There are 2 protein chains.
Amino acid sequence: MSRSGADLALLLLGGFRSLVDDATDELAQRGYQDVRPVHDFAIRAIAAGADDATRLGQRLSVSKQAAAKTIAVLQERGYVTRDADPLDGRRKRLQVTDLGFEVLRQGEEIFDELRDQWVRRIGRAELERLEKHLATLVGGSAVRLDTPGWMTRDLGGSS
Amino acid sequence: MSRSGADLALLLLGGFRSLVDDATDELAQRGYQDVRPVHDFAIRAIAAGADDATRLGQRLSVSKQAAAKTIAVLQERGYVTRDADPLDGRRKRLQVTDLGFEVLRQGEEIFDELRDQWVRRIGRAELERLEKHLATLVGGSAVRLDTPGWMTRDLGGSS
DNA sequence: GCGGTTAGACAACCTGGTTGACTAATATCT
DNA sequence: AGATATTAGTCAACCAGGTTGTCTAACCGC
């Protein structure tokens with residue numbers, strides 16, 4: 001048992017991947033075949049007020065062009081709409097559709113269920129302790145999602 | 001404070017990114033400018049016996065072609081050599097160079113130092129507890145590194 | 001009204017993956 | 001031995017998701 005710093009990093013990555021892969025799987029089984037976590041995050045950001053491409057890009061720490069590509073996908077799948085802003089002719093105001101909110105809701109539900117599974121395995125107090133420490137270590141600093149590929153790709157044999 | 005499943009995922013990702021970004025920064029400062037964690041992992045896998053492109057690919061859960069591309073980079077930078085296998089004319093046997101081992105050593109050292117910093121912040125016992133739980137939850141299952149981009153990319157304002 | 005800024009679109013390009021096709025060498029089977 | 005199958009590596013085409021740069025149209029301030 002090495003307990004090296006590198007192992008620690010791998011453990012964290014492993015934990016993350018485990019959750020995300022399982023969640024993506026489950027989301028697919030519930031009928032949202034091609035939703036990737038990055039879509040979920042993007043929809044969430046839009047719902048939270050990043051309602052145009054530029055702001056979404058800022059929120060996601062990617063260029064506005066990259067954000068626009070993501071938006072195009074979300075729009076095509078019916079998770080967001082894009083209509084002209086009456087107050088500013090340049091902007092295209094983004095709005096999350098009912099379907100979009102539904103994906104969000106299900107995504108949350110799935111993640112919560114996965115967390116519950118973890119609670120069952122190591123106990124509530126222990127998991128909360130783990131979260132508390134991680135929060136301390138990671139700090140409030142926003143987690144950047146600007147990792148091309150990676151969470152957007154389809155997964156092999158995860159679950 | 002939501003303590004939702006999604007937050008947990010973000011915490012894990014944040015922890016990982018924090019370590020990896022800092023490590024990459026530090027490695028760069030020590031003169032290994034363009035080493036990304038993925039290179040470290042690849043060298044490590046080669047040193048551990050995945051000494052041809054096919055096996056390296058399997059180890060890293062990527063195609064042999066992708067592995068070959070990585071190898072080309074490692075070779076160009078002098079971290080590995082590739083010579084004919086006297087026993088099997090098809091294979092090109094990989095070997096980690098002294099420089100390659102040096103990168104590995106420094107990488108380890110850096111990660112260990114980062115872990116020490118964490119120990120200082122939350123205490124040895126707590127960190128070990130965290131590691132123990134994560135190990136339980138993630139299981140022995142090999143962590144897949146097949147995330148295109150992401151750890152290979154250069155980092156913005158991390159540290 | 002005019003110059004500067006801002007939102008979005010378009011295009012070219014990069015990285016790091018993928019699959020598919022092909023060659024050469026080794027293994028296996030009759 | 002010889003025919004056949006497998007295996008390692010390479011090449012090429014392609015894809016996803018990002019980047020920068022350029023351009024247009026609309027807004028803002030003087």
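This one's a predicted model, so the numbers in the text were calculated from it and none came from an experiment. Here is how names work: the chains are called A, B, and so on, in the same order as the sequence lines, proteins then strands, and each is numbered from 1.
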Practice problem: Would you jot down, in residue-number order, the residues of residues 85-95 of chain B having a non-hydrogen atom under 4.0 Å from DNA chain C? | Solution: D88(B), G89(B), R90(B)
Practice problem: Decide if atom CZ of R124(B) counts as having more than 12 heavy atoms of other residues, nucleotides or ligands within a radius under 6.0 Å. | Solution: no
Exercise. Evaluate the side chain to side chain contact (heavy atoms under 4.5 Å, CB included) criterion for residues L10(B) and F41(A): first the C-alpha distance (whole Å), next the side-chain angles of each, then the deciding distance (0.1 Å), finally the verdict.
Key: CA-CA 11 Å; L10(B) 257 357; F41(A) 285 117; 3.6 Å; yes
Self-check item: Stepwise side chain to side chain contact (heavy atoms under 4.5 Å, CB included) check, W118(B) with L19(B)
Solution: CA-CA 10 Å; W118(B) 281 20; L19(B) 287 178; 3.9 Å; yes
Quiz item: Do E109(B) and R30(B) meet the salt-bridge criterion of a basic N to acidic O distance under 4.0 Å?
Solution: yes
Quiz item: By a strict heavy-atom criterion of less than 4.0 Å, which residues belonging to residues 65-78 of chain B are in contact with DNA chain D?
Solution: Q65(B)
Quiz item: Is V73(A) linked to L56(A) within one hydrophobic cluster, defined over Ile, Leu, Val, Met, Phe, Trp and Tyr using a side-chain heavy-atom separation of less than 4.5 Å?
Solution: no
Practice problem: Using salt bridge (charged side-chain N to carboxylate O under 4.0 Å, His left out) as the criterion, list what pairs up with D85(B), not counting sequence neighbours. | Solution: R91(B)
Exercise. Compare side-chain N and O positions of S63(A) against OP1 and OP2 of dG18(D) and report whether any pair is under 4.0 Å apart.
Key: no
Distances under 3.5 Å between nitrogen or oxygen atoms of protein and nucleotides 2-5 of chain D:
none

Quiz item: Can you tell me how far C1' of dC22(C) sits from NZ of K64(B), to the nearest Å?
Solution: 10 Å
Quiz item: Does the pair D83(A) and K92(A) meet the rule for a side chain to side chain contact (heavy atoms under 4.5 Å, CB included), with working shown?
Solution: CA-CA 5 Å; D83(A) 34 35; K92(A) 305 283 179 66; over 6 Å; no
Quiz item: Should R55(A) and D52(A) count as an ion pair when the cut-off is N to O under 4.0 Å?
Solution: yes
Practice problem: Begin from the C-alpha positions of L8(B) and E131(A) and carry the test side chain to side chain contact (heavy atoms under 4.5 Å, CB included) through to its verdict. | Solution: CA-CA 7 Å; L8(B) 174 55; E131(A) 287 169 335; 3.8 Å; yes
Quiz item: Hey, is the main chain of G57(A) close enough, under 3.5 Å, to the side chain of S61(A) for a donor-acceptor pair?
Solution: no
Quiz item: Which value, rounded to the nearest 0.5 Å, describes the distance between T24(B) atom OG1 and Y32(B) atom OH?
Solution: 14.5 Å
Quiz item: For R44(B), which residues count as a salt bridge (charged side-chain N to carboxylate O under 4.0 Å, His left out) partner, sequence neighbours excluded?
Solution: D40(B), E108(B)
Quiz item: What's the CZ-C1' distance between F41(B) and dG17(C), to the nearest Å?
Solution: 18 Å
Exercise. Enumerate the residues from residues 51-58 of chain B whose closest heavy atom to DNA chain D is under 4.0 Å, giving them by residue number; use none for an empty result.
Key: D52(B), A53(B), T54(B)
Quiz item: How many angstroms lie between atom CG of L94(A) and atom CG of L74(A), to the nearest 0.5 angstrom?
Solution: 9.0 Å
